[in-house]
Number of protein chains: 2
Amino acid sequence: MKDLLKQIPIFENFNDDDIAYLQKISTLKTFEKNSIIFFKGDDSRYLHILLQGSLKIYKYNQNNNEVMLKMLNTTSLVAELANLEHMPYPSNCSTLGESKILLVDYDKFESYFLKDSKFLLMFVKSLTKTILMLEKTISLNLTLNSTSKVAKHIYELFPNTCHMSHKIRASTLNMTPETYSRIIRKFKDENLIKEENGEFKILDEKKLKKYFDI
Amino acid sequence: MKDLLKQIPIFENFNDDDIAYLQKISTLKTFEKNSIIFFKGDDSRYLHILLQGSLKIYKYNQNNNEVMLKMLNTTSLVAELANLEHMPYPSNCSTLGESKILLVDYDKFESYFLKDSKFLLMFVKSLTKTILMLEKTISLNLTLNSTSKVAKHIYELFPNTCHMSHKIRASTLNMTPETYSRIIRKFKDENLIKEENGEFKILDEKKLKKYFDI
DNA sequence: TTAATAGCTTGATTCACATCAATAAAATAT
DNA sequence: ATATTTTATTGATGTGAATCAAGCTATTAA
């Protein structure tokens, strides 16, 4: 595990002692697809660090539909704010695919690591990343309509082939699969995109961009 | 101005030298009501610190309606993320009432202050506050319907008397004044609230709470 | 004091998207 | 290979909130 920890970008500035201590206060856990990591309101005893796989952070709206706040894919601190502020988790978290998560005893982590500016800088970076994601979520959901959301989503993913079901894509964009499907249908009819073995190809980038470029 | 800076909670840990340098690289400006502080896309040369008054951070949606992302009232860093990341401002900012803002030359600020963990901690605190506000904005706008938003808003403000027009209240909640008015009408008809010289009084806390307590 | 302007309320209409429903297609299990 | 479950598509209907419109009230200006 020591080697694994050393490779994690977040810990790039840690020396051997740091890593050793980190290892001592952590457990590595593997969760299978669709496992709950924590519920909204749970006590934030552990700092969760996603090492492999993907997670979603979500709440429920008043119709009991999930509202996805963010999706985490790369190595990242999960809900570090709750730890920092010693508050319960503000949202739910579950795995989308099989995932490896490092659970760190936060109190010990805090007293050892959070005195030093190099570690603080790590937190600043992570908080910054979180803010950018949240701002993106807000822009996406509060300033764009569904058609624009889908257009932007396709545009930003392309040409990365990352296979996701339409259902997941729709939920990432906080809309129903029906709405997503109808919009894709429209884009295909307008010859903006085509679908080849589950991946979108953009046929008319300019027109597609017009849908979300304000 | 030196005394003013010393009183600012954010700078509580600064010593005389720090304050002196801060003063050297800053200008204090007073903006009147409804002045633009910066536009989305502007270069983030200055760190803005709100000292007095109130600001709104907002974008436009596709119908050219304002979407208010946050409202700042207390002493706070404004859009510090843009500075930290050396990126253009992601949103617009304007004053709601007359406001005093400290404009700090960010490059100088960074090279002097951001090496030290005590200053970093200040940033961490500010980023944390920003995240909490953003999460609140998201919860409010993505998980609650308009009725619940209004109920929550009234509940959380009460009994603080802070005079705001219905128009401003509506825009804080990202809805039209018409919708706001209709919901207030309904609450009055249900004897949940009453209005006395521009302030709401809650008559039935339990029922009001039911509207937003999931 | 009156005029002008901005904010508030209420009704009618429109719109974007969700919901409900039915069928088809694909993925997974047996 | 067949059965079963999950996902995808398409149409019909419902709904919350925006928009449009008109009259009203309060504030500010002349």
Side-chain angles (χ1 to χ4, degrees), chain A residues 32-34 60-68 96-98 140-154 162-190 193-200 211-212 214, chain B residues 32-34 58-68 96-97 140-154 163-190 193-200 211-212 214:
Chain A
E32 53 185 68
K33 192 177 158 179
N34 294 323
Y60 289 95
N61 69 10
Q62 295 183 314
N63 303 328
N64 255 316
N65 298 326
E66 271 185 21
V67 177
M68 197 190 289
L96 285 168
E98 194 189 272
L140 189 77
N141 289 293
L142 296 186
T143 70
L144 298 184
N145 61 28
S146 293
T147 308
S148 309
K149 285 202 260 181
V150 174
K152 193 172 184 191
H153 188 245
I154 292 174
C162 98
H163 193 71
M164 268 195 268
S165 67
H166 284 197
K167 205 188 156 199
I168 294 281
R169 289 180 207 259
S171 105
T172 306
L173 300 172
N174 289 316
M175 66 182 69
T176 59
E178 291 96 323
T179 300
Y180 186 82
S181 176
R182 279 183 246 271
I183 292 167
I184 292 297
R185 164 89 285 127
K186 198 181 74 172
F187 287 169
K188 282 178 185 168
D189 289 350
E190 289 174 8
I193 58 170
K194 64 176 175 176
E195 207 167 355
E196 267 171 14
N197 31 302
E199 294 305 325
F200 294 121
Y211 272 108
F212 60 90
I214 317 188
Chain B
E32 54 185 68
K33 191 177 157 180
N34 293 324
Y58 61 101
K59 296 192 177 190
Y60 289 95
N61 69 10
Q62 295 182 316
N63 302 329
N64 255 316
N65 298 326
E66 271 186 20
V67 177
M68 197 190 289
L96 286 168
L140 189 77
N141 290 293
L142 296 185
T143 71
L144 299 184
N145 61 29
S146 293
T147 308
S148 309
K149 285 202 261 180
V150 175
K152 193 173 185 189
H153 188 245
I154 293 175
H163 193 72
M164 267 194 269
S165 67
H166 284 199
K167 206 187 155 199
I168 294 280
R169 288 180 208 260
S171 105
T172 306
L173 299 172
N174 289 316
M175 65 182 69
T176 59
E178 291 96 323
T179 301
Y180 186 81
S181 174
R182 279 183 246 271
I183 292 167
I184 293 296
R185 165 89 286 125
K186 199 181 74 172
F187 286 169
K188 283 179 184 166
D189 289 350
E190 290 174 8
I193 58 169
K194 62 175 177 177
E195 207 168 355
E196 267 171 14
N197 32 301
E199 294 304 324
F200 293 122
Y211 272 107
F212 60 89
I214 317 188

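Chain A is the first sequence line, chain B the second, and so forth, proteins listed ahead of strands; every chain is numbered from 1.
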Does H166(B) reach the side chain of P177(B), with side-chain heavy atoms less than 4.5 Å apart? no
Using whole Å, report how far CE of M164(A) lies from P of dA8(D). 12 Å
Report the relative orientation of the aromatic rings in F200(B) and Y180(B); use parallel for angles under 30°, tilted for 30 to 60°, perpendicular for over 60°. tilted
Encode nucleotides 9-19 of chain D as B, S and - characters from 5' to 3', where the letter depends on protein heavy atoms closer than 4.0 Å: B to the base, S only to sugar-phosphate, - to neither. SBBB----SSB
Given axes from five pairs at either end, by how many degrees does the helix from dT1(C)-dA30(D) to dT30(C)-dA1(D) bend, rounded to 10°? 40°
Would you mind reading off the distance between N61(B) atom CG and dA16(C) atom P, rounded to a whole angstrom? 13 Å
For a quick check under 3.5 Å, do S171(B) and E66(B) share a side-chain donor-acceptor pair by atom type? no
I168(A) has an atom CD1; how far is it from atom C1' of dT7(D), in whole Å? 11 Å
What distance do M164(B) atom CE and E199(B) atom CD have between them, rounded to the nearest 0.5 Å? 9.0 Å
Rounded to the nearest 0.5 Å, what's the gap from CD on E32(A) to CD on E98(A)? Could you check? 7.5 Å
Chi angles and distances behind the side chain to side chain contact (heavy atoms under 4.5 Å, CB included) call for K186(A), T147(A): CA-CA 9 Å; K186(A) 198 181 74 172; T147(A) 308; 3.4 Å; yes
Could you give me the CA-CA distance, side-chain angles and deciding distance for N141(B) and N141(A), then say whether side chain to side chain contact (heavy atoms under 4.5 Å, CB included) is met? CA-CA 9 Å; N141(B) 290 293; N141(A) 289 293; over 6 Å; no
Take L142(B) and N61(A), measure what side chain to side chain contact (heavy atoms under 4.5 Å, CB included) needs, and give me the verdict at the end. CA-CA 7 Å; L142(B) 296 185; N61(A) 69 10; over 6 Å; no
Measure the distance from NZ on K186(B) to C1' on dT9(C) and round it to the nearest whole Å. 16 Å
For K188(A) and I193(A): C-alpha separation, side-chain torsions, deciding distance, then whether side chain to side chain contact (heavy atoms under 4.5 Å, CB included) applies. CA-CA 5 Å; K188(A) 282 178 185 168; I193(A) 58 170; 4.2 Å; yes
Just by protein heavy atoms under 4.0 Å, how would nucleotides 24-30 of chain C read 5' to 3' in B, S and -? -------
Taking the six-membered ring for Trp, are F187(B) and Y211(B) ring centroids under 6.0 Å apart? yes
Of N174(B), T143(B), I154(B), which meets side-chain contact (heavy atoms from CB on, under 4.5 Å) against K149(B)? N174(B)
Rounding to a whole Å, what distance do you find between D189(B):CG and dT9(C):P? 12 Å
